[in-house]
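Shown next, in structure tokens, is the structure this report addresses.
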Amino acid sequence: MTPMMEQYFEIKNQYKDYLLFYRLGDFYEMFFDDAIVASRALGLTLTGRDCGEAERAPMCGVPFHSVDTYIGELIKQGFKIAICEQMEDPAQAKGIVRRDVIRVITPGTLIESDLLPDKKNNYLCSLYMGEFEYGVCFCDISTAEIYATSFSGTNMDSRLLNELGTYMPAEIISNLGASKFKETAEFIKNRIGAMLNDNQPFRFELDACLDRVKVQFEETLREGDLDDRALVCAVGAMLDYVRDTQKKDVGYINKLNIYSDGQYLDGR
């Protein structure tokens, strides 16, 4: 393969579940399966590019100056996108231009005003499901609003569905695979329409989550807030996911609102 396509696949292999928008001059290009999928979803012309192999690589692209329009349409259709930018001036580069992913865009991590829903929050949800306790966290990263609660005892499933129905998140991350909470997964799909990014237990490890929550909300935490394992795991996983997608400091999310499930909060 050509050096550019080797670079493309090195980056693409880190973002296999995303459509990779790969910056080439004034366009974001997509190649191979990404190009085929995007061309169908957006009604784009599918072309080809020499890649150093016998067959040309399927390719399609969108202008960088109007990329938000295309991103918005793909997000509506349930896709996740990784934006890969040129990290140096091509005129100054020695050899292949250095590129890297500067942001990941999913339904729950939108920050562009023209892509956000009118007159309502765009919540991302982090859901920790333990055997005897659930923790749930909702965050609108465009406004820095973040709410968290947990519950145990009776009727945990119905109480969880009530919280999801109240906040109506655009996207949900979870520590379990969907097959392990079938009823909730079906509710998410059929009643809420949220994207479900399940089976991410690595984000919910207690010790790592404790560290994240302590650092992020050190000045606003109250005594006993960190004793709630399920809540801490949900909030800590949320912070990890937001940092992964935004690729920057999220210190502006600095006031955690902890509430009892079913409690109505002003501004929610």
Side-chain angles (χ1 to χ4, degrees), residues 1-77 79-116 124 141-142 144 197 203 212 215-216 239-254:
M1 281 198 164
T2 62
M4 191 200 78
M5 294 310 301
E6 289 179 350
Q7 181 193 64
Y8 169 83
F9 273 110
E10 181 180 349
I11 297 171
K12 175 61 182 176
N13 285 338
Q14 300 174 51
Y15 295 90
K16 294 180 179 179
D17 296 332
Y18 298 79
L19 294 178
L20 181 64
F21 278 41
Y22 183 86
R23 182 72 178 269
L24 279 176
D26 291 337
F27 283 79
Y28 288 108
E29 303 287 1
M30 287 157 278
F31 298 100
F32 296 97
D33 289 346
D34 282 6
I36 294 170
V37 169
S39 66
R40 291 172 180 167
L42 297 172
L44 300 174
T45 299
L46 189 65
T47 61
R49 183 184 180 97
D50 291 333
C51 62
E53 295 191 330
E55 296 184 4
R56 287 162 61 85
M59 180 181 80
C60 70
V62 299
F64 84 94
H65 56 79
S66 59
V67 69
D68 283 357
T69 300
Y70 298 99
I71 288 174
E73 181 57 35
L74 289 170
I75 290 295
K76 286 179 184 177
Q77 295 186 41
F79 293 101
K80 300 182 292 184
I81 299 163
I83 303 295
C84 180
E85 270 293 352
Q86 296 173 166
M87 306 304 290
E88 58 183 338
D89 184 346
Q92 304 294 325
K94 296 180 180 179
I96 189 72
V97 176
R98 185 166 56 88
R99 294 177 175 86
D100 202 358
V101 170
I102 62 165
R103 188 175 163 219
V104 167
I105 305 173
T106 64
T109 60
L110 294 173
I111 56 175
E112 294 82 1
S113 58
D114 56 339
L115 298 182
L116 290 167
L124 170 68
I141 67 172
S142 68
N197 288 322
R203 298 193 190 277
R212 294 182 201 125
V215 172
Q216 191 81 9
L239 294 174
D240 190 50
Y241 187 70
V242 172
R243 286 169 183 158
D244 266 3
T245 58
Q246 299 305 293
K247 306 291 183 182
K248 63 181 181 181
D249 179 66
V250 291
Y252 69 98
I253 303 175
N254 54 28

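The only option from V62, I105, L19 that meets the side-chain contact (heavy atoms from CB on, under 4.5 Å) definition with I71 turns out to be I105. Checking V101, I102, I96 one by one against R99, the side-chain contact (heavy atoms from CB on, under 4.5 Å) holds for a single residue, I96.
Separation of atoms CD1 (I75) and CD1 (I81) is listed at 4.5 Å; rounding is to 0.5 Å. With rounding to the nearest 0.5 angstrom, the OG1 atom of T245 is 10.0 Å from the CG atom of L110. The CD atom of Q7 sits 8.0 Å away from atom CE of M4, with the distance rounded to the nearest 0.5 Å. Summarising the geometry, atom CD belonging to Q216 is positioned 6.5 Å from atom CD1 belonging to I253; distances are rounded to the nearest 0.5 Å. In this structure, Y241 OH and Q246 CD are separated by 10.0 Å, a value rounded to the nearest 0.5 Å.
By the ring pair (Phe, Tyr, Trp, His ring centres under 6.0 Å) test, Y18 is found to be paired with Y15, residues two or more places apart in sequence or in another chain being considered. For the side chain to side chain donor-acceptor pair (under 3.5 Å) test, no residue two or more places apart in sequence or in another chain qualifies with T2. Under the ring pair (Phe, Tyr, Trp, His ring centres under 6.0 Å) criterion, Y8 pairs with Y22, F31, not counting sequence neighbours. Applying the side-chain contact (heavy atoms from CB on, under 4.5 Å) rule to D17 yields the partners K80; only residues at least two apart in sequence or on another chain are considered. Contacts of R98 classified as side chain to side chain donor-acceptor pair (under 3.5 Å), with partners at least two apart in sequence or in another chain: none. For F64, there are no ring pair (Phe, Tyr, Trp, His ring centres under 6.0 Å) partners two or more places apart in sequence or in a different chain. Residues that satisfy the side-chain contact (heavy atoms from CB on, under 4.5 Å) test with P63, not counting sequence neighbours, are F27, H65, S66, Y70. Under the side-chain contact (heavy atoms from CB on, under 4.5 Å) criterion, D100 pairs with M87, sequence neighbours left out. In this structure, the side-chain contact (heavy atoms from CB on, under 4.5 Å) partners of S142, at least two apart in sequence or on a different chain, are L116, D140.
Screening residues 42-63 for ring-ring contact (aromatic ring centres under 6.0 Å, His included), with sequence neighbours left out, gives no hits. Applying the salt bridge (charged side-chain N to carboxylate O under 4.0 Å, His left out) test to every pair with at least one member in residues 83-92, sequence neighbours left out, gives these pairs: R23-E85.
In E10, the CD atom is not crowded: 12 or fewer heavy atoms of neighbouring residues, nucleotides or ligands sit closer than 6.0 Å. Within a 6.0 Å sphere centred on CG of D244, other residues, nucleotides and ligands contribute more than 12 heavy atoms. Residue K247 qualifies as enclosed at atom NZ: its count of foreign heavy atoms under 6.0 Å is above 12.
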Let me check something: any side-chain donor-acceptor pairs from residues 34-52 under 3.5 Å, sequence neighbours excluded? List them with distances.
{"from": "D34", "atom 1": "OD1", "to": "K12", "atom 2": "NZ", "distance (Å)": "3.0"}
{"from": "D34", "atom 1": "OD2", "to": "K12", "atom 2": "NZ", "distance (Å)": "2.8"}
{"from": "D34", "atom 1": "OD2", "to": "L20", "atom 2": "N", "distance (Å)": "2.9"}
{"from": "S39", "atom 1": "OG", "to": "A35", "atom 2": "O", "distance (Å)": "3.1"}
{"from": "S39", "atom 1": "OG", "to": "I36", "atom 2": "O", "distance (Å)": "2.9"}
{"from": "T47", "atom 1": "OG1", "to": "M59", "atom 2": "O", "distance (Å)": "3.1"}
{"from": "D50", "atom 1": "OD1", "to": "R56", "atom 2": "NH1", "distance (Å)": "3.2"}

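In this structure the side chain of R212 never reaches within 4.5 angstrom of the side chain of V215, judged on heavy atoms.
The pair E112-R103 meets the salt-bridge criterion, since a charged nitrogen lies less than 4.0 angstrom from a carboxylate oxygen.
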